[in-house]
Amino acid sequence: MEQTYVMVKPDGVQRGLVGEIISRIEKRGLKLVALRMNVISEATAKEHYSEHAAKPFFPGLVGFITSGPSVSMVVAGKDAIRVMRAINGATNPVDAAPGTIRGDFALDVGRNVIHASDSPEAAAREIAIHFKDSEIGNYSRIDEVCLYE
Ligand code: IDP
């Protein structure tokens, strides 16, 4: 089973969307194997978004992501990386399809509520940034016998 890193960003926490977002993830069949709320440090935020370090929006992005509590998760399941990106919708919420989290709850690219890793390499890197191995659970959901062929 594939694992991916997911974050409800500070805007999602402030707007009371954590439960709705986790509910969508769980109902889809994806499994939460790690979960934490914390204020991400500036160093961690810079490491997480290092690929964007040279972009003009980088300082604002780091400032925003560290501005209040966010919710970090490791989510597991069949094709979890691709499925989570589809659940989130396009980066710019204006382009995100209705039914996606960004398409239903956001309007501005800098306030797009949720993050999910975009590749297996990014997932491995981001999970290691935000969680220790010992914080990631290993269990079966009782409905896996129905979810998977
Ligand atoms: P992703 O979050 O869909 O993977 P990325 O291109 O990796 O998208 O960008 C990371 C985050 O940086 C986005 O989710 C968004 O919050 C922010 N971002 C990306 N492009 C812009 C921009 O042009 N202006 C402001 N913020 C941006």
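Just so we're clear, the structure is a prediction, and the values are computed from it rather than from any experiment.
Because its NZ or CZ atom is both nearer than 6.0 Å to the ring centre of F131 and within 45° of the ring axis, R36 counts as a cation-pi partner of that residue. For K31 and Y139, the positive end sits near the middle of the six-membered ring, less than 6.0 Å away and at most 45° from its axis.
L32 and V83 fall within a single hydrophobic cluster, where Ile, Leu, Val, Met, Phe, Trp and Tyr are joined by side-chain heavy atoms under 4.5 Å apart, directly or via other members. L107 and F105 end up in different hydrophobic clusters when Ile, Leu, Val, Met, Phe, Trp and Tyr side chains are linked at under 4.5 Å. A continuous path of Ile, Leu, Val, Met, Phe, Trp and Tyr side chains, each step under 4.5 Å between heavy atoms, connects V62 with F57, placing both in one hydrophobic cluster. Under the 4.5 Å side-chain contact rule for hydrophobic residues, V109 and F58 do not share a cluster.
In this structure, I127 CD1 and S72 OG are separated by 11.0 Å, a value rounded to the nearest 0.5 Å. Note that CG of N138 and CG of D133 are 11.5 Å apart. Values are rounded to the nearest 0.5 Å. Between the OG atom in S117 and the CE atom in M7 there is a gap of 9.5 Å [rounded to 0.5 Å]. Atom CD1 of I114 is separated from atom CG of N88 by 4.0 Å, given to the nearest 0.5 angstrom. Atom CG in D118 sits 8.5 Å away from atom OG1 in T4 (nearest 0.5 Å).
E2 approaches A80 most closely through the heavy-atom pair OE1-N, 3.2 Å. Nearest heavy-atom pair across G103 and A96 is N-CB, 3.4 Å. Of all the heavy atoms in A123 and I81, the pair that sits closest is CB-CD1, 3.8 Å. Counting all heavy atoms, side chain and backbone alike, S70 lies closest to V13 at CA-CG2, 3.9 Å. Contact between H130 and E135 at its shortest, heavy atoms only, is O-OE1, 4.3 Å. Shown here for T100 and A86, the closest heavy-atom pair between the two residues is CG2-O, 3.5 Å.
A donor-acceptor pair is defined here as one N or O able to donate and one able to accept, closer than 3.5 Å; such a pair exists between the side chain of S50 and the backbone of E47. Of the possible donor and acceptor atoms, none in the side chain of R111 sits under 3.5 Å from a partner among the backbone N and O of P10. E20 places no side-chain N or O within donor-acceptor distance of the main-chain N or O of L17, the cut-off being under 3.5 Å. D104 contributes a side-chain N or O that, together with a main-chain N or O of G99, makes up a donor-acceptor pair within less than 3.5 Å.
Around NZ of K78, the count of heavy atoms belonging to other residues, nucleotides or ligands within 6.0 Å does not exceed 12. Within a 6.0 Å sphere centred on CG of L147, other residues, nucleotides and ligands contribute more than 12 heavy atoms. Summarising the local packing, CD of E144 is surrounded by more than 12 heavy atoms from other residues, nucleotides or ligands at distances under 6.0 Å. By the 6.0 Å contact criterion, CZ on R125 is enclosed, its count of non-hydrogen atoms from other residues, nucleotides or ligands being greater than 12.
Using a 4.5 Å heavy-atom cutoff, the side chains of I40 and H48 are not in contact. Looking only at side-chain heavy atoms (C-beta outward), I22 and L35 come within less than 4.5 Å of each other.
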Verdict with reasoning, I21 to V113, per side-chain contact (heavy atoms from CB on, under 4.5 Å): CA-CA 10 Å; I21 288 169; V113 174; 3.5 Å; yes

Steps toward side-chain contact (heavy atoms from CB on, under 4.5 Å) verdict (V75, V33): CA-CA 6 Å; V75 169; V33 294; over 6 Å; no

Test side chain to side chain donor-acceptor pair (under 3.5 Å) applied to E42 and T66, step by step: CA-CA 6 Å; E42 190 179 322; T66 58; over 6 Å; no

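For the side chain to side chain contact (heavy atoms under 4.5 Å, CB included) criterion with Y5, the lone passing option out of M73, H115, M84 is H115. The side chain to side chain contact (heavy atoms under 4.5 Å, CB included) test with R102 singles out one residue from T91, D95, N92, and that residue is T91.
Classification of E26 and R141 as a salt-bridged pair fails, no side-chain N sitting under 4.0 Å from a carboxylate O.
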